[in-house]
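Let me begin by presenting the structure, written as structure tokens, before commenting on it.
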Amino acid sequence: MHRIAVFASGKGTNFEAIVTACNNAELDAQVVLLVCDKPQAEVVAKAERFGIECFAFNPKEYSSKEQYEAQIVELLDRAEVELVCLAGYMRIVGQRLLSAYGGRIINIHPSLLPAFAGARAVEQAIEYGVKVFGITIHYVDQSLDGGKIIAQRAFEYDGNDAEQVHRIGQQIEHKLYVETIKKILK
Ligand code: GAR
């Protein structure tokens, strides 16, 4: 059974999809740790409900990224994590974490990269006026959403309702993330 950590900052619907796939044995894996940089985020309560260990920290209480990432690396090592899945973790991964887990960290992003990297990807795409939206899963490196692409899925949408694009995109994300993790673990 493989050992996964999920990093998230928000609602945690992708976290939930991954945990559910593990619980259903759709994935031969176990989520052994949630890392969250917002102690009040919904995802923290979800981890509690599932009985998953959670490291919820406030970055402002640390003097640097290096310092909190050193603590995260310690927890990942202790939990013997093989794969780190960023799922709405709204922070740039730093050198400390990359040097320890580089090549084993993946991220899901709500656009067809390299278009619309960074925050507010769906809103950026709507402002640009695109008619094809999508989701990308990629390896994480020191660039902003620029690591090697693993999987992408596109969908057509003609309009300017960001909420609706998020809704359609998230349904795709939950399936695509589980499928992609399954392939990587193989
Ligand atoms: C997801 O839609 C993910 O694509 C996005 O955050 C959302 C988290 O939702 N990630 C990024 O924008 C990364 N740049 P969730 O908390 O419900 O899984």
Side-chain angles (χ1 to χ4, degrees), residues 4-24 26-27 29 31 33-50 52 54-57 59 65 69 72 83-94 97-98 101 105-128 130 132-155 157 161-182 184:
I4 296 176
V6 176
F7 287 27
S9 308
K11 276 200 300 202
T13 65
N14 281 283
F15 167 74
E16 192 167 355
I18 295 166
V19 172
T20 303
C22 291
N23 291 348
N24 293 340
E26 197 182 332
L27 285 175
V31 177
L33 180 68
L34 170 75
V35 171
C36 180
D37 61 327
K38 293 210 172 74
Q40 306 306 323
E42 258 181 72
V43 69
V44 172
K46 283 190 173 145
E48 263 167 36
R49 253 198 335 269
F50 283 116
I52 291 170
C54 173
F55 174 57
F57 67 102
K65 189 189 286 274
E69 285 197 344
I72 292 172
L83 181 68
V84 173
C85 302
L86 308 188
Y89 181 65
M90 302 311 251
R91 236 159 237 288
I92 294 180
V93 172
L97 199 46
L98 278 173
Y101 281 84
I105 309 176
I106 63 175
N107 179 44
I108 191 158
H109 183 79
S111 77
L112 294 171
L113 290 170
F116 312 119
R120 301 181 66 257
V122 167
E123 289 74 10
Q124 289 184 60
I126 287 178
E127 279 157 27
Y128 198 91
V130 304
V132 178
F133 293 76
I135 304 298
T136 303
I137 297 174
H138 62 93
Y139 283 104
V140 173
D141 62 15
Q142 63 292 340
S143 66
L144 177 65
D145 297 328
K148 190 175 183 303
I149 291 173
I150 309 164
Q152 285 187 312
R153 199 147 294 167
F155 59 96
Y157 175 78
D161 183 348
E163 280 301 308
Q164 202 176 346
V165 177
H166 277 291
R167 264 198 307 279
I168 301 168
Q170 285 222 314
Q171 283 175 3
I172 295 173
E173 287 189 348
H174 302 156
K175 288 201 188 86
L176 188 64
Y177 220 171
V178 170
E179 279 171 35
T180 305
I181 291 169
K182 199 181 211 169
I184 291 174

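Indexing begins at 1, ligand by ligand and atom by atom, following the structure's order. Just so you know, these numbers come straight off a predicted model, no measurement behind them.
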Test of proximity, D145 against ligand 1: N or O pairs below 3.5 Å: no
**Asked** Quick one: does H109 get an N or O within less than 3.5 Å of an N or O on ligand 1?
**Response** yes
Taking the side chain as everything from C-beta on, heavy atoms only, tell me whether F133 gets closer than 4.5 Å to I126. yes
The protein heavy atom nearest to atom 17 (O) of ligand 1 is T13 OG1, 2.6 Å
Original post:
Based purely on interatomic distance, does G12 place a nitrogen or oxygen under 3.5 Å from a nitrogen or oxygen of ligand 1?
Top reply: yes
Exercise. Quick one: does M90 get within less than 4.0 Å of ligand 1, heavy atoms only?
Worked result: yes
Exercise. Do H166 and E123 have side-chain N/O donor and acceptor atoms under 3.5 Å apart?
Worked result: yes
Ranked by distance from atom 7 (C) of ligand 1, the top protein heavy atom is Q170 NE2, 3.8 Å
**Asked** Are F55 and F57 near enough that their ring centres are under 6.0 Å apart?
**Response** yes
heavy-atom search around atom 11 (C) of ligand 1 in the protein gives P110 CD, 3.6 Å
The protein heavy atom nearest to atom 8 (C) of ligand 1 is G88 CA, 3.6 Å
Please tell me if the side chains of I135 and Y177 come closer than 4.5 Å, counting only heavy atoms from C-beta onward.
no
- 4.5 Å side-chain heavy-atom contact, V43 and Y89: no
**Asked** For atom CD1 of I149, is the number of surrounding heavy atoms from other residues, nucleotides or ligands below 6.0 Å larger than 12?
**Response** yes
Tell me whether the count of non-hydrogen atoms from other residues, nucleotides or ligands lying under 6.0 Å of NZ in K65 goes above 12. yes
Among E42, K11, E173, the residue with a heavy atom nearest to atom 2 (O) of ligand 1 is E173
